Amino acid sequence: MADPLAIGSRYGVLRDWLPIYSLRQLALNLVAITFIWWIVWDSAGLSAVALCGLMFAWLVQYQTRPSVMQLLPVQADWLIEILEEQAFYAKAENDGRWRESGKPWWQRLPHQFIAFERRGDQITVVAPRDIMEMMRASLECADEQGEVYFTGNGLFEMMPPENLTTQPWHVKMPAVAIGSLCVAVNIWHVATDDTVTNWGLSSHALSQGRFETIALHMFAHGGAMHLIMNMSALAVLGSALTARLGPVPLSWLRFLILYFLGGLSGAAAFLTLHPTGSVPMIGASGAIFALLGLLTRLAPDGHGLLSVRSTKVRRIGWSLVKQNAFLFGLLALLASSTGGNGGLAWEAHLGGFLFGLFVGPYLLPRDQGTATANPSDIRTAGVPV
């Protein structure tokens, strides 16, 4: 079945890979490329930083590439009403296009706008890809929950299944406990000057009899940024998922089982793909991806599950593949430039996510529906009509 809210390219896939859509944007890119080339040529030590900057600039432009999506009139009218009420975008009188309000002139690129083109009973919305993704999520969420919220920057955001600000304290406890332990471990490594890689999991470590790394690697992190990223994800996913796992203390037990088995699944995938590897893996990413895998299957209204073959699940899976591929390439570039062997343990991400996606539903309480006993018999969410 085709995706009723499929997002397509406005100018074609090959054009998007550049991505240049105006003379002003072309000029800015030529200036940036010339400057980065000068840095690389003048100082080899800054080449990795300059190349990463170039990749980041390309990613930002690629994320904001012009895209299109087909809507029903009621969907378009709802989005237009939201744009008018929030006033983060202003409608131009000359062309009827919506552009961000209060943006300085040098940031206003001609292709960055929202437009609604009516053709009979079908309406085509044109918008930057990142804004389009948020609008689609808002439409789906409005159908499932009847409400959305917006950021201070005027971006559409999807309402979580449960409002985290009104959740009882006990749904936050498992994530808080695990997060506190990870922070304590990181502080201990810094205070004692202990090598964090001693906690890393690898085939080489297991061949030396260091089997404790099977569990320890889930609590060690390779620096403050790695820790902050993982703990931020744990805080967001942990509360939302715990609230769906039944009453206390069974919800805590189910959460911990999913977390640790998901982490072990990520470790198993890493070891399977690196049977003789010596580069250690650390971090809670595999376990966190297991939480994400189960949340992906949960219907936002709290009843039943989404099919693994549903459009929404496939979309999230493909998005994760692209994100991991980009991070893998970026970290590989940094590692090769500095002569290191570090990188992204995407194998653990994959193992944890698949565990949460396929096995996680069996950890749900029975009152979530008959789908728990047979995760292949599920329903999918619709769109506003």
Side-chain angles (χ1 to χ4, degrees), residues 137 140-141 143-147 158-182 215 218 230-231 233-266 268 284-317 320 349 351-382:
E140 293 175 339
C141 190
D143 175 52
E144 294 160 351
Q145 295 182 227
E147 59 180 335
M158 184 168 58
M159 178 69 76
E162 287 82 19
N163 191 338
L164 301 184
T165 61
T166 60
Q167 285 181 341
W169 64 270
H170 58 77
V171 302
K172 303 176 183 179
M173 289 307 298
V176 169
I178 294 175
S180 300
L181 183 57
C182 290
M218 286 186 260
N230 276 354
M231 294 305 100
L234 178 62
V236 173
L237 300 176
S239 299
L241 183 57
T242 306
R244 306 286 289 273
L245 295 179
V248 174
L250 288 179
S251 60
W252 295 357
L253 179 61
R254 292 187 180 107
F255 181 91
L256 294 176
I257 291 175
L258 174 66
Y259 184 89
F260 287 109
L261 292 185
L264 292 178
S265 297
S285 300
I288 292 173
F289 267 79
L291 308 181
L292 178 60
L294 179 53
L295 274 174
T296 300
R297 292 290 303 278
L298 292 174
D301 60 6
H303 301 286
L305 300 169
L306 299 176
S307 169
V308 175
R309 297 181 295 274
S310 69
T311 300
K312 205 169 185 180
V313 173
R314 286 188 281 114
R315 184 190 304 149
I316 293 174
L320 291 175
H349 296 182
F353 183 76
L354 292 178
F355 179 86
L357 200 68
F358 291 100
V359 183
Y362 290 99
L363 294 173
L364 294 173
R366 293 182 180 275
D367 58 6
Q368 287 261 355
T370 57
T372 305
N374 186 6
S376 62
D377 299 331
I378 347 272
R379 63 176 186 82
T380 56

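Since we're looking at a predicted model, the values are computed, not measured.
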Inset, instruction - Assess whether side-chain contact (heavy atoms from CB on, under 4.5 Å) is satisfied between Asn230 and Ser285, documenting all intermediate values. - result: CA-CA 7 Å; Asn230 276 354; Ser285 300; 3.3 Å; yes
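Note: Arg244 CZ to Leu295 CG = 7.5 Å, rounded to the nearest 0.5 Å. The distance from the CG atom of Leu294 to the CZ atom of Phe353 is 10.5 Å, given to the nearest 0.5 Å. Expressed to the nearest 0.5 Å, how far CE of Met231 lies from CD1 of Ile288 amounts to 5.0 Å.
Shown here are the ring-ring contact (aromatic ring centres under 6.0 Å, His included) partners of Phe289, two or more places apart in sequence or in another chain: His349.
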Sequence neighbours left out, cut at 3.5 Å: what donor-acceptor pairs do the side chains of residues 248-266 make with other protein atoms?
residue: Trp252; atom: NE1; partner: His170; partner atom: O; Å: 2.8
residue: Arg254; atom: NE; partner: Leu363; partner atom: O; Å: 3.2
residue: Arg254; atom: NH1; partner: Leu245; partner atom: O; Å: 2.6
residue: Ser265; atom: OG; partner: Leu261; partner atom: O; Å: 2.9

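Between Gly246 and Pro365, the closest heavy-atom pair is N-CG, 3.9 Å. Nearest heavy atom pair, residue Val308 against residue Arg297, reads CG2-NH1, 3.3 Å. Nearest approach of Gly238 to Ala175, heavy atoms of both residues: CA-CB, 4.1 Å.
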